[in-house]
Amino acid sequence: PAGAGTTAQAQPNERSRTGEEQPLVRALNVMKSFHGNEVLKGIDLDVHRGEVVCLLGPSGSGKTTFLRCINQLEQIDGGRIWVDGDLVGFREQGGHLHHLTDKQVAAQRRDIGMVFQRFNLFPHMTALDNVAEAPVQVKGVGKKEARAKARELLEQVGLGDKPSAYPAQLSGGQQQRVAIARALAMEPKLMLFDEPTSALDPELVGEVLRVMRELAQQGMTMIVVTHEMGFARDVADHVVFMDAGVVVEEGKPRDVITNPQHERTRSFLQRMR
Ligand code: ADP
C-alpha cells in the first residue's frame, strides 16, 4: 500500500459542481515535499476537455512541480490526481492504493504531451526524425506513416520547410516548435507546457505562443505554466494563481488578471508589468 493518504470524497466519474461532465484532469489535495520542504500543500484543480488553464505565480511557488506530478515525473506524497478518469500513478485494491508498475506508468504518460522550457530535442536527429521517433518506438506506428504524420505536424507548427534541419541549425523558437510537434505526434489527450517561452530570446516568443494559440483553438486541452500575461489573458479559459504551494486565487482571466481579489495576486501582477 502506498502513501497517497487522503480518501477522495468526489469520484472522478461524478458530475462536477458546475454540472459539466467529468473533467479530463482532476487534482484533489495534492501534496509534495522535497526533503521536508513542502512544495505543494494541497492543490485542487479541475481541467475540462478543451480548456486551456494557465498556472501563474512567483518563481518557487510549485507550478512546475505540480505539472510534473500530473505527468508522473514526480510522485505525489498525498492527495490524488485523475486523468481521463484514471487514477494517476496508483491502482486501488481492497481499499489500498498500490503504485503502478513502470510499464503501467509509461502507458499513462503516453497520452500526455509535455513541452519543457529547454526543448530537449535529440541533437543527432533531424527535425522530422525527432517528431517521427516516438510513434515508431513507443506506439509501433510504421516508419512511413510516422514520417508522413511528422511532415504534417511540422507544417502545422510552421516548419514545413525544415524537415531535414538538425536542432543546432534551428533557432530556439524553431526548436521549441519542433518540440511541440514531437509531443503532438503521440496524439495526446492533454498537453502540458512548462514555461515554454522563458528560455527564448524575446523576438522568438511570439512564434511559439502563436502555435500554442492555434492548438488551443483546435480544442486541445492544455495546462500552461507561463509568465506571459497577454497569452494567459487572451487564451486561457481559466487561470490559477499559485503562491507558496497553495492556490491563492483562480477564475476567468478577466477576473483574476484584470481584477484580482487577493493582495498576493495583485503584487505579483504588478511586478509582472
Ligand atoms: P515554480 O515552477 O513555481 O517556479 P517549482 O515547482 O519549480 O516552482 O519549485 C518549487 C520549490 O520546490 C522550489 O523551492 C524548488 O527549489 C523546490 N524543488 C523543485 N524540484 C525539486 C527537487 N527535485 N528537489 C528539491 N527541491 C525541489
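Note: hydrogens, waters and symmetry copies are ignored here, and every other heavy atom, side chains too, is used. Note that ligands are numbered from 1 as they come in the structure, with each ligand's atoms numbered from 1 the same way.
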Residue-level breakdown please: for Thr64 versus ligand 1, do any non-hydrogen atoms fall below 4.0 Å on the side chain, on the backbone, on both, or on neither?
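Contact part for Thr64 vs ligand 1: both backbone and side chain.
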**Asked** Would a search of protein heavy atoms around atom 7 (O) of ligand 1 find one under 4.0 Å away?
**Response**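 Within 4.0 Å of atom 7 (O) of ligand 1, protein heavy atoms are found.
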Task: Any non-hydrogen protein atom less than 4.0 Å away from atom 15 (C) of ligand 1 - done: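 Within 4.0 Å of atom 15 (C) of ligand 1, no protein heavy atoms are found.
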Q) Tell me, do Asp129 and Phe122 make a side-chain contact under 4.5 Å, heavy atoms counted? A)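 Side chain of Asp129 against side chain of Phe122, heavy atoms only: no contact under 4.5 Å found.
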- Message: Would you say that Val53 contacts Val240 through its side chain, given a criterion of any heavy-atom pair below 4.5 Å between the two side chains?
- Response: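 Result yes, sub-4.5 Å side-chain heavy-atom pair found.
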In ligand 1, which numbered atoms sit nearer than 4.0 Å to a non-hydrogen atom of [X]?
| X | result |
| --- | --- |
| Thr65 | 5 (P), 6 (O), 9 (O), 19 (C) |
| Ser59 | 4 (O) |
| Pro58 | 3 (O) |

task: Could you tell me whether the side chain of Gln72 and the main chain of Val88 form a donor-acceptor pair under 3.5 Å?
output: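 No, because the side chain of Gln72 does not come within donor-acceptor range (under 3.5 Å) of the backbone of Val88.
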Using modelled atom types and a 3.5 Å cut-off, is there a donor and acceptor pairing between side-chain atoms of Ser33 and backbone atoms of His35?
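The answer is no, because no donor-acceptor pair under 3.5 Å joins these two groups.
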* Please work out which of Leu73, Val39, Leu40 has its closest non-hydrogen atom nearest to atom 11 (C) of ligand 1. =>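 Answer by nearest heavy atom: Val39.
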*Nearest neighbour of atom 10 (C) of ligand 1 from the list Gly60, Gly245, Cys69, on a heavy-atom basis*: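 Result: the heavy atom closest to atom 10 (C) of ligand 1 is in Gly60.
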